[in-house]
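Only one structure is covered here, and it is reproduced in the block below.
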2 protein chains.
Amino acid sequence: MRADAEKNRSQILTVAREVVTEHGADVSMRDIARRAGVGLATLLRHFPTREALFEALLCTDLDALTQKAAELERSTSADEALLSWFRKLVEFTQSYRGVVAMMAAAHTNPDSALYASCAAVHSAGARLLLHAQREGTARADMNGDDLFALITALGWAVDQPSFAPRADHLVHLVTDVILTNPPGNDFMKATP
Amino acid sequence: MRADAEKNRSQILTVAREVVTEHGADVSMRDIARRAGVGLATLLRHFPTREALFEALLCTDLDALTQKAAELERSTSADEALLSWFRKLVEFTQSYRGVVAMMAAAHTNPDSALYASCAAVHSAGARLLLHAQREGTARADMNGDDLFALITALGWAVDQPSFAPRADHLVHLVTDVILTNPPGNDFMKATP
DNA sequence: ACCTGAACACCGTTCAAGT
DNA sequence: ACCTGAACACCGTTCAAGT
C-alpha cells in the first residue's frame, strides 16, 4: 500500500472510532469521511461497506474474545469459564451503540465482512457451553445458537436506554437460566 | 373528517398492513404512499410519523393484549396467567418484522405516538408478575421493567433469521428463568 | 496507484399552489 | 378542508477525471 493510502486508512480508523463512540454504529459514512478529512469515495474504497469498517474496528477485540475463551477453559472450572466469558461478551456488545444488531445481521449472511469474526466467537462460546454441559453444570437442552441468541438479545436489550439501568441484573437473570446450579441462587429471599 | 379524507385514511391503513407484512416495519413511507395511490404528503398528514402509522396498525392488538392480561388474571392461576400472557406478547412482537425495535424505542420517549400503548402493555405485564410473585411462583428479584426487557429482547432475537428456528425453545428457556417452579422442569434429561 | 467531486437514485420534511 | 407536486437536505453507490 502506498504511504498516503496507508495514512488515510489509519486516519479513517482513528476518526471512525471517535465518531462511532459518540453517535453509534448507524452514523452516516459521510460524516465519518467528513471528520476524517477525506472524500466519501476514499472512505468507501478503503472500507466498501459499513461492516468492513467495523470489522477493522472490532477485529482486535473479537480475536481477544475467542482467545479469552481458550484461556478460561484452561484456567478455571467449566461453569465459571462459561459464566465469565458470557459477561465479557455482553460487555463487549456495549462497546458501540447499535453494534449488536450489526453482528446479529452479519451472523446470518456469509457475505458480510463481519461473518468470519462472528462465527469464530460463536464457536468459541459453543465450546465453553459444551464443556460445561459435559460436567453437568450447564443445562443440557441448549446449543451454541441458543447461547449466542441469548447473549446478543441481552446485548440488544441493554442497548436500549430504558433497559440500560437494569443491565447487570438482566445479565444475572439470563445467566441463571444457563447454569444448572448457579452461584448464590438465593433469589427467593432477595428483593427487587 | 371529510368523506374523501376518510377513504384515503382507510385505504392507507389497508395497504400499509400489506406492505409492512411483506417488507417489515422499516419499509419507506414513500413506498406505502405509492402503493396506496396517494401522495406522500397525504400519507404524512394522516400519520405524521412512522410510529403514528403503527399506532393505528397495532392499537387493536395492543388493547387486546392488555385486556387479555386482566382476563387471564381472573381465569387461571397467577403463574399460568403470567406464562401464557408472556407467550402471547412474544407472539405479537412477530406480527411485523422490526416492530419490536420500534416499540422498545417508543418505550423510551413519551413523545412517541406508541408510548401510551406500550406503557399500558407494560403495566399489564407488571401486574401479572406482581400477582405471581405474591404467590411465590415467580422469582422475587424481578420487576416489570425486567419482564418487559426480557420479552422484547426475546422478540428481537426471534426477529433475526438466524435465531428464528430456535424461537420456541428460546421462549422456553427465558420463561424458565421467570418462574420459580416451571412446569415440566426436566431439562437435565432432555437433549438439544 | 490513489484520490476526488459530481451525478445518481433513494429517503423523510416542508410548503406553496391547486381543487 | 383536503390533496399534491416540487424543492430541500440528507443518504450510500458509482464513475469519469484528476494527480
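Residue numbers begin at 1 in each chain, while the letters A, B, ... track the order of the sequences. Keep in mind that what you see is a predicted model, and the values were worked out from it rather than measured.
Rounded to a whole Å, the CG atom of Asp31(B) is 9 Å from the P atom of dC10(C). The nearest whole Å value for the distance from the CD atom in Gln11(B) to the C1' atom in dC3(D) is 15 Å. Atom-to-atom, CG of Leu40(B) to C1' of dC15(C) comes out at 13 Å; the value is rounded to the nearest Å. Between Arg34(B) atom CZ and dG12(C) atom C1' there is a gap of 12 Å when expressed in whole angstrom units. One atom, CD of Glu51(B), and another, C1' of dG12(C), lie 14 Å apart when rounded to the nearest Å. Atom CD1 of Ile32(B) and atom C1' of dC10(C) are 16 Å apart (whole Å). Between the CE atom of Met29(B) and the C1' atom of dC10(C) there is a distance of 16 Å, given to the nearest Å. Atom P of nucleotide dC3(C) and atom CG of Asp4(A) are separated by 6 Å, given to the nearest angstrom.
Between Asn8(A) and dC3(C) there is a side-chain N or O to OP1 or OP2 distance below 4.0 Å. His46(B) has no side-chain polar atom (N or O) that falls below the 4.0 Å cut-off from OP1 or OP2 of dC2(D).
What you find for Glu55(A) and Leu114(A) is that their closest heavy atoms are CA-CD2, 3.8 Å.
Residue whose closest nucleotide on DNA chain D sits further toward the 5' end, between Ser28(A) and Ala41(B): Ala41(B). Of the two residues contacting DNA chain C, namely Arg2(B) and Arg50(B), the nearest-nucleotide position lying further toward the 5' end is that of Arg50(B).
There is no side-chain donor-acceptor pair under 3.5 Å between Asn143(A) and His169(B).
Of the nucleotides present, dT14(D) is the one that pairs with dA6(C) by Watson-Crick or G-U wobble criteria, both distances under 3.5 Å. Here dT19(C) sits opposite dA1(D) as a Watson-Crick or G-U wobble pair (both hydrogen-bonding atom distances under 3.5 Å).
Using a 4.0 Å heavy-atom cutoff across all strands shown, Arg45(B) reaches at least one base atom of the nucleic acid. Residue Ala5(B) is classed as a sugar-phosphate contact, given heavy-atom separations below 4.0 Å to backbone atoms only.
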field: Residue pair Asp4(B), Lys7(B): steps toward the salt bridge (Lys or Arg N to Asp or Glu O under 4.0 Å) verdict
entry: CA-CA 5 Å; Asp4(B) 55 342; Lys7(B) 200 186 145 200; over 6 Å; no
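Side-chain N/O atoms of Arg30(B) and base N/O atoms of dG12(C) include a donor-acceptor pair closer than 3.5 Å.
The pair Asp26(A)-Arg50(A) does not count as a salt bridge, with every side-chain nitrogen at least 4.0 angstrom from each carboxylate oxygen.
The ring of Phe148(A) has its center closer than 6.0 angstrom to the ring center of His107(A).
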